Asker: 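I'd like to ask you about the structure that follows.
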2 protein chains.
Amino acid sequence: MFLSMRSDRVTQADRRARSRNALLESAARGLSRYGYGNLVLEQVATDAGYTRGALYHQFKDKQDLTLAVLEWILQTWTEEVGVLVEKESEPVAALLALARGHAVFCRRDIARVAVALRLEFSGQDHVIGRAVEDAYELLVKRCVRLINAGRKAGAIPPGPPTRSLALAFLGAFEGAVIALDGQAPHDELLAARAAAGVLGLDPLTATRRP
Amino acid sequence: MFLSMRSDRVTQADRRARSRNALLESAARGLSRYGYGNLVLEQVATDAGYTRGALYHQFKDKQDLTLAVLEWILQTWTEEVGVLVEKESEPVAALLALARGHAVFCRRDIARVAVALRLEFSGQDHVIGRAVEDAYELLVKRCVRLINAGRKAGAIPPGPPTRSLALAFLGAFEGAVIALDGQAPHDELLAARAAAGVLGLDPLTATRRP
DNA sequence: GAACCTACATACGCGTCTGTATGTTTCTGA
DNA sequence: TCAGAAACATACAGACGCGTATGTAGGTTC
């Protein structure tokens, strides 16, 4: 019993979780850089310090691995960015917090996974494409609600349909963040400015921190 | 002589040009939808009404075809969007014309070729990646000059480094345009708003047409 | 410590896609 | 009108990457 607790002897569950995490992280990097089609599982495994055997022991196939990466990323996004949005009571403040938080979140090298997958599978009837679209749709709906609330409160001027506005809102700051590629600290400010601009708000006053 | 001019008998040069165009267009659609890695030449040829034999007769290989598509798109972009920018004398007006023009340009299904290739090859030492980056760099430089001019004239407020601003500027309206996916007429307005926001201009006054 | 289970490695079959080599049709020019 | 060239189709070879089958080392349970 004591022997089995020695630090160099790890439990099976720990061992499994450790390699799973390493594989997920490696796969996320790979997906972010090369996309799904160009992702080579041999490379993913090697980068994580394993072989393809370990990968296929933990994941059913390439698709299963990708879905796991997606789920993993969405969860961390919710934990890190979602909570920032929740904290804000004003709709406009929440939307700008979303843009800022996303910029900070994307400073890691896994930033482009969602965008890459969405571009690669958009308009196709594919499991992965649907998974990304579904997650994205939730985000769009959330923005639609916030924008509607902001308009009702008079904080956001009338204009294009709410859904179009939400799509452009997300696309704009996402595009800015990817283009800046983690250039702190400007990424945060410029993402917020892009977001404010789409919403029809004066970017300089909207992004002035209290 | 007369017989050779009959409408159902086309000259070899015409024939060549016609099939080349068909192949280029088909390849552009494919690249836009699936990216380089997932592009299947058999599909490209079939969509254009040919076989891979015709394709390999006109283009050296997949890479050559892709570079030709890129060149073709850049040229039409210059003809359709570039001229709009040239016409404006004020830097800010030129930048907003760029955003608007790009939105209109991207209503076609070849919109995402450049973005897809840039995402797929960014950070890699690949001929295609360099070609896209080089073209993009020219555009960035152009924006840098316009932004500098705008700042000198007092039309654009000071802030982040010009290059960062230019990158975010391009990324923001490009992202918005892709997200809207050709939803006329909102794409044009919202692209301009995103662009104005990044530059620090009030989007409502900046996008008010004269 | 013996039997069992789990984590991981190695080896191979198979399909897919690219590029080339060779055959067939269509046009051109003397 | 016919020989040659260009456009295009078909057939084949090689590479690559996925998934699976099988072997081995390390951990767990009794």
Side-chain angles (χ1 to χ4, degrees), chain A residues 1-24 26-27 30-31 33-69 120 124 126-128, chain B residues 1-24 26-27 30-31 33-69 120 124 126-128:
Chain A
M1 185 54 174
F2 275 2
L3 280 176
S4 71
M5 283 304 177
R6 265 182 7 200
S7 62
D8 58 333
R9 259 177 85 96
V10 290
T11 177
Q12 292 278 67
D14 279 350
R15 204 180 161 198
R16 181 177 182 85
R18 194 177 300 179
S19 49
R20 185 182 160 93
N21 265 347
L23 290 167
L24 277 178
S26 169
L31 284 172
R33 282 190 198 149
Y34 314 112
Y36 182 82
N38 296 321
L39 186 72
V40 179
L41 298 188
E42 172 93 44
Q43 193 61 40
V44 171
T46 303
D47 283 1
Y50 297 91
T51 64
R52 273 173 55 244
L55 198 155
Y56 274 97
H57 180 63
Q58 299 250 16
F59 304 95
K60 186 175 157 287
D61 53 15
K62 192 176 180 178
Q63 184 174 296
D64 183 43
L65 168 68
T66 305
L67 289 174
V69 167
E120 195 165 354
Q124 291 178 53
H126 193 284
V127 185
I128 296 177
Chain B
M1 186 56 174
F2 274 0
L3 280 177
S4 69
M5 282 303 177
R6 269 184 3 205
S7 61
D8 58 334
R9 261 177 85 95
V10 290
T11 176
Q12 292 280 65
D14 279 350
R15 204 181 163 198
R16 183 177 181 86
R18 194 178 298 180
S19 49
R20 184 184 160 93
N21 265 347
L23 289 166
L24 277 177
S26 169
L31 284 170
R33 282 192 199 147
Y34 313 113
Y36 183 82
N38 296 322
L39 185 73
V40 180
L41 298 188
E42 173 92 43
Q43 193 62 40
V44 171
T46 303
D47 284 2
Y50 298 89
T51 64
R52 274 174 51 244
L55 198 156
Y56 274 97
H57 179 64
Q58 299 253 14
F59 303 96
K60 186 174 155 287
D61 52 16
K62 191 175 179 177
Q63 184 175 296
D64 183 42
L65 169 68
T66 305
L67 290 175
V69 167
E120 194 165 353
Q124 291 179 53
H126 193 285
V127 184
I128 296 176

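Throughout, a chain's letter reflects where its sequence line sits, starting with A, and its residues are numbered from 1. Keep in mind the model is a prediction, meaning the values are calculated, not measured.
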Asker: Between P on D/dG26 and CG on A/D14, what's the gap in Å once rounded to a whole number?
Answerer: 18 Å
Asker: Within this structure, what is the CZ-to-P distance between A/F59 and D/dG19, rounded to whole angstrom?
Answerer: 13 Å
Asker: To the nearest angstrom, how far is A/R18 atom CZ from D/dG26 atom P?
Answerer: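 These atoms are roughly 15 Å apart.
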Asker: Where along residues 60-67 of chain B does a heavy atom come under 4.0 Å from DNA chain D, residue by residue in number order?
Answerer: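 Close to the strand, none.
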Asker: What residues form a side chain to side chain contact (heavy atoms under 4.5 Å, CB included) with A/R20, not counting sequence neighbours?
Answerer: A/L24, A/Q58, A/F59, A/A68
Asker: Measuring from B/S26:OG to B/N21:CG, what's the distance to the nearest 0.5 Å?
Answerer: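 Separation between the atoms: 12.0 Å.
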Asker: Considering only nitrogen or oxygen atoms on both sides, find all protein atoms under 3.5 Å from nucleotides 6-9 of chain C and state each distance.
Answerer:
| residue | atom | partner | partner atom | Å |
| --- | --- | --- | --- | --- |
| C/dA7 | OP1 | A/R16 | NH1 | 3.3 |
| C/dA7 | OP2 | A/R16 | NH1 | 2.8 |
| C/dA7 | OP2 | A/H57 | NE2 | 2.9 |
| C/dC8 | OP1 | A/S19 | OG | 3.2 |
| C/dC8 | OP2 | A/S19 | OG | 2.7 |
| C/dC8 | OP2 | A/Q58 | NE2 | 3.3 |
| C/dA9 | OP2 | A/T51 | N | 2.7 |
| C/dA9 | OP2 | A/T51 | OG1 | 2.5 |
| C/dA9 | O5' | A/T51 | OG1 | 3.2 |

Asker: Quick check against the 3.5 Å criterion: does A/E120 have a side-chain atom that pairs as donor or acceptor with the backbone of A/G37?
Answerer: yes
Asker: OG1 of A/T11 to CZ of A/R16: how many Å apart, nearest 0.5 Å?
Answerer: 12.0 Å
Asker: Enumerate the residue pairs fulfilling ring pair (Phe, Tyr, Trp, His ring centres under 6.0 Å) with a member in residues 34-57 of chain A, sequence neighbours excluded, ordered by first and then second residue.
Answerer: A/Y36-A/F121
Asker: Hey, could you give me the CG/OG1 distance between B/L41 and B/T51, rounded to the nearest 0.5 Å?
Answerer: 11.5 Å
Asker: Restricting to side-chain hydrogen bond (donor to acceptor under 3.5 Å, both in side chains), what partner residues turn up for B/Q43, sequence neighbours left out?
Answerer: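 Result, side-chain hydrogen bond (donor to acceptor under 3.5 Å, both in side chains) vs B/Q43: B/D47.
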Asker: With a 4.0 Å heavy-atom cut-off, tell me which residues in residues 34-41 of chain B come close to DNA chain C, sorted by residue number.
Answerer: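 Here the set is B/L39, B/V40, B/L41.
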Asker: How long is the line joining CD of B/E42 and C1' of D/dT10, in whole Å?
Answerer: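 From B/E42 CD to D/dT10 C1': 11 Å.
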Asker: From the options B/D61, B/V127, B/I128, select the one residue that forms a side chain to side chain contact (heavy atoms under 4.5 Å, CB included) with B/T66.
Answerer: B/I128
Asker: Which pair of non-hydrogen atoms, one from A/A48 and one from A/A22, has the smallest distance, and what is that distance?
Answerer: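 Distance-wise, the nearest heavy atoms are CB-O, 3.6 Å.
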Asker: With side-chain contact (heavy atoms from CB on, under 4.5 Å) as the test, would you mind laying out the steps for B/Q63 and B/H126 before giving the verdict?
Answerer: CA-CA 10 Å; B/Q63 184 175 296; B/H126 193 285; 3.8 Å; yes
Asker: Output the rounded distance in Å from OH (B/Y56) to P (D/dC12).
Answerer: 18 Å
Asker: Testing the basics here: between A/A27 and A/V69, what is the closest heavy-atom pair and its distance to 0.1 Å?
Answerer: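 The pair with the smallest heavy-atom distance is CB-CG2, 3.7 Å.
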